[in-house]
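Reviewing the structure listed below.
Below, all heavy atoms of this structure are taken into account, side chains as well, without hydrogens, waters or symmetry copies. Counting starts at 1 for both ligands and their atoms, in listed order.
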Amino acid sequence: MAYPFGDCGVRVNLIALALKTATDRLANPARASDPDKLRCVVSGKTVLVTGASYGIGEATARRLAAAGATVLLVARSAERLDDLAASINAGGGQAFAYPTDLADEDAVHVLTKQITENHGPLDIVVSNAGKSLRRSLHQQYDRPHDFQRTIDINYLGPIWLLLGLLPAMRENGGGHVVNVSSVGVRVVPGPQWGAYQASKGAFDRWLRSVAPELHADGLDVTSVYFGLVRTRMIEPTPLLGRLPGLSADEAAEAIAKAVIERPRTIEPRWVFPAEIASVLLAGPADRAARLWHRRFFADSTGREDLR
Ligand SMILES: NC(=O)c1ccc[n+]([C@@H]2O[C@H](COP(=O)([O-])OP(=O)(O)OC[C@H]3O[C@@H](n4cnc5c(N)ncnc54)[C@H](OP(=O)(O)O)[C@@H]3O)[C@@H](O)[C@H]2O)c1
């Protein structure tokens, strides 16, 4: 590869690469997973992945299937799930598509009954399907459905799913639930993300509260808190595309690590110190959030730009 500034160009490129690696490492969860260990853990096991039609869920389903798991694919886009199942099966893996709207309680009831009948108790559930939303409060006065939609898919849907699947898993005496969550539920909530963060936070709290009950029956619960992952979810906010983030495959690797090690949580290294700081420095943290909002979203009078 020829560099425009000779040796100096090589150095500049190496420094840029090192800086990018360092910021990515700091901003995102530790994600190195061992393929042999993954195969050992999931080979012959049945894993359900929600939100498998795109992004993190699709990459996770491919990775787990390649390691020998039978994957059950859930999302609304039937055609994409069929294509994914066909591509996994053609490569020697085993996948089944279960197109379902997880925001529809009756449909989720039918799904869990069908899955338990067809596959018995599941070994791993990756609860990944979700909907993001960034909108200012003044744009939501006439949009109560913003809150309904986020609470349905980020909170109620995953609960309905687990209510249907957990009895057989607990009876079986083992299993693992992996919750794909956001760092936003762990640190000071940002303006404009309220509907999304509240719904993700609600599920996170519910799952943490039932985890000891599940643990008593041999089930582990892991929450993976992602910073930024470059999927279609972040496309409506171009600013996010310029921040350090993971690819969907890298995110799937963090989920593979969760599946192997079954820790309570996986998160970027900065989250724990930020959590402590957000308690100890609650006042300054709130003031910083207000300044950030004024700097980027307010008009020259300091009020929010309501146009
Ligand atoms: N991207 C990020 O920066 C980021 C950061 C932190 C956390 N996360 C979390 O990561 C998870 C995956 O997000 P992603 O980035 O991979 O986004 P994505 O590419 O938009 O994928 C979202 C998935 O959820 C499915 N889904 C949405 N509504 C559904 C419904 N009503 N019923 C069934 N499935 C539904 C979608 O499938 P259909 O449209 O086919 O139904 C799709 O497969 C989400 O829980 C998100 O909160 C993402």
To the nearest 0.1 Å, how far is [atom] from its closest protein heavy atom, and which atom is that?
| atom | value |
| --- | --- |
| atom 12 (C) of ligand 1 | Asn128 OD1, 3.1 Å |
| atom 38 (P) of ligand 1 | Ser53 OG, 3.5 Å |
| atom 40 (O) of ligand 1 | Ser77 OG, 2.5 Å |
| atom 14 (P) of ligand 1 | Thr231 OG1, 3.5 Å |
| atom 5 (C) of ligand 1 | Gly227 O, 3.1 Å |
| atom 32 (N) of ligand 1 | Leu102 N, 2.9 Å |
| atom 22 (C) of ligand 1 | Gly130 O, 3.7 Å |
| atom 13 (O) of ligand 1 | Met233 CE, 3.5 Å |

Checklist entry - So which bit of Arg230 gets within less than 4.0 Å of ligand 1, heavy atoms only: side chain, backbone, both or neither? => result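 Neither; no heavy atom under 4.0 Å.
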Checklist entry - ligand 1 versus Val180, non-hydrogen atoms closer than 4.0 Å: side chain, backbone, both, neither? => result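 Both of them.
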Item to check | Test salt bridge (charged side-chain N to carboxylate O under 4.0 Å, His left out) applied to Glu261 and Lys257, step by step | outcome: CA-CA 6 Å; Glu261 297 175 7; Lys257 189 177 163 67; 3.2 Å; yes
Quick check: do [X] and [Y] have side-chain heavy atoms less than 4.5 Å from each other?
| X | Y | result |
| --- | --- | --- |
| Arg62 | Leu84 | yes |
| Ser181 | Phe203 | no |
| Tyr196 | Asn154 | yes |
| Arg149 | Arg143 | yes |
| Val47 | Leu72 | no |

Item to check | CA sep, side-chain torsions, deciding dist, call: Gln114, Tyr98, side-chain contact (heavy atoms from CB on, under 4.5 Å) | outcome: CA-CA 9 Å; Gln114 204 182 1; Tyr98 285 96; 4.0 Å; yes
Next on the checklist: What I want to find out is whether Arg170 reaches Asp217 closely enough, with some N-O distance under 4.0 Å, to be called a salt bridge.
Outcome noted: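 Salt bridge between Arg170 and Asp217, a charged N being under 4.0 Å from a carboxylate O: yes.
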Please state which option from [options] has its nearest heavy atom closest to [atom].
| atom | options | result |
| --- | --- | --- |
| atom 1 (N) of ligand 1 | Val74, Asp101, Val229, Val49 | Val229 |
| atom 6 (C) of ligand 1 | Tyr54, Phe226, Phe203 | Phe226 |
| atom 28 (N) of ligand 1 | Arg149, Glu58, Arg76 | Arg76 |
| atom 23 (C) of ligand 1 | Ala103, Gly51, Ser132 | Gly51 |
| atom 34 (N) of ligand 1 | Pro99, Ala75, Ser199 | Ala75 |

Under a heavy-atom criterion of less than 4.0 Å, does [X] contact ligand 1?
| X | answer |
| --- | --- |
| Gly184 | no |
| Ser181 | yes |
| Arg232 | yes |
| Thr100 | yes |
| Tyr196 | yes |

Using a 4.0 Å cutoff against the non-hydrogen atoms of [X], which atoms of ligand 1 qualify?
| X | answer |
| --- | --- |
| Leu228 | 3 (O) |
| Ala129 | 24 (O), 25 (C), 26 (N), 34 (N), 35 (C), 45 (O) |
| Gly55 | 16 (O), 19 (O) |

Item to check | Member of Thr237, Thr231, Val229 meeting the side chain to side chain contact (heavy atoms under 4.5 Å, CB included) criterion with Met233 | outcome: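 Among Thr237, Thr231, Val229, the one meeting side chain to side chain contact (heavy atoms under 4.5 Å, CB included) with Met233 is Thr231.
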Checklist entry - Can you list the steps and then say if Phe96 with Leu73 is a side-chain contact (heavy atoms from CB on, under 4.5 Å)? => result CA-CA 6 Å; Phe96 298 87; Leu73 314 169; over 6 Å; no
Checklist entry - Tyr225 and side-chain hydrogen bond (donor to acceptor under 3.5 Å, both in side chains): which partner among Thr265, Asn179, Asp204? => result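 Going through the options one by one, the only one that passes is Asp204.
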Checklist entry - Can you find an N/O atom of Gly57 closer than 3.5 Å to an N/O atom of ligand 1? => result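 No; the residue has no nitrogen or oxygen that sits under 3.5 Å from a nitrogen or oxygen of the ligand.
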Item to check | Where Ala59 and Asp249 come nearest, the two heavy atoms and their spacing | outcome: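 In this case the closest contact between Ala59 and Asp249 is CB-OD1, 3.5 Å.
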Checklist entry - Checking side-chain contact (heavy atoms from CB on, under 4.5 Å) for the pair Leu165/Ile115: CA distance, chi angles, key distance, verdict? => result CA-CA 8 Å; Leu165 297 175; Ile115 280 180; 4.1 Å; yes
Item to check | Thr70 and His119 side chains, donor-acceptor separation under 3.5 Å | outcome: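 Looking only at side-chain atoms, Thr70 and His119 do not form any donor-acceptor pair under 3.5 Å.
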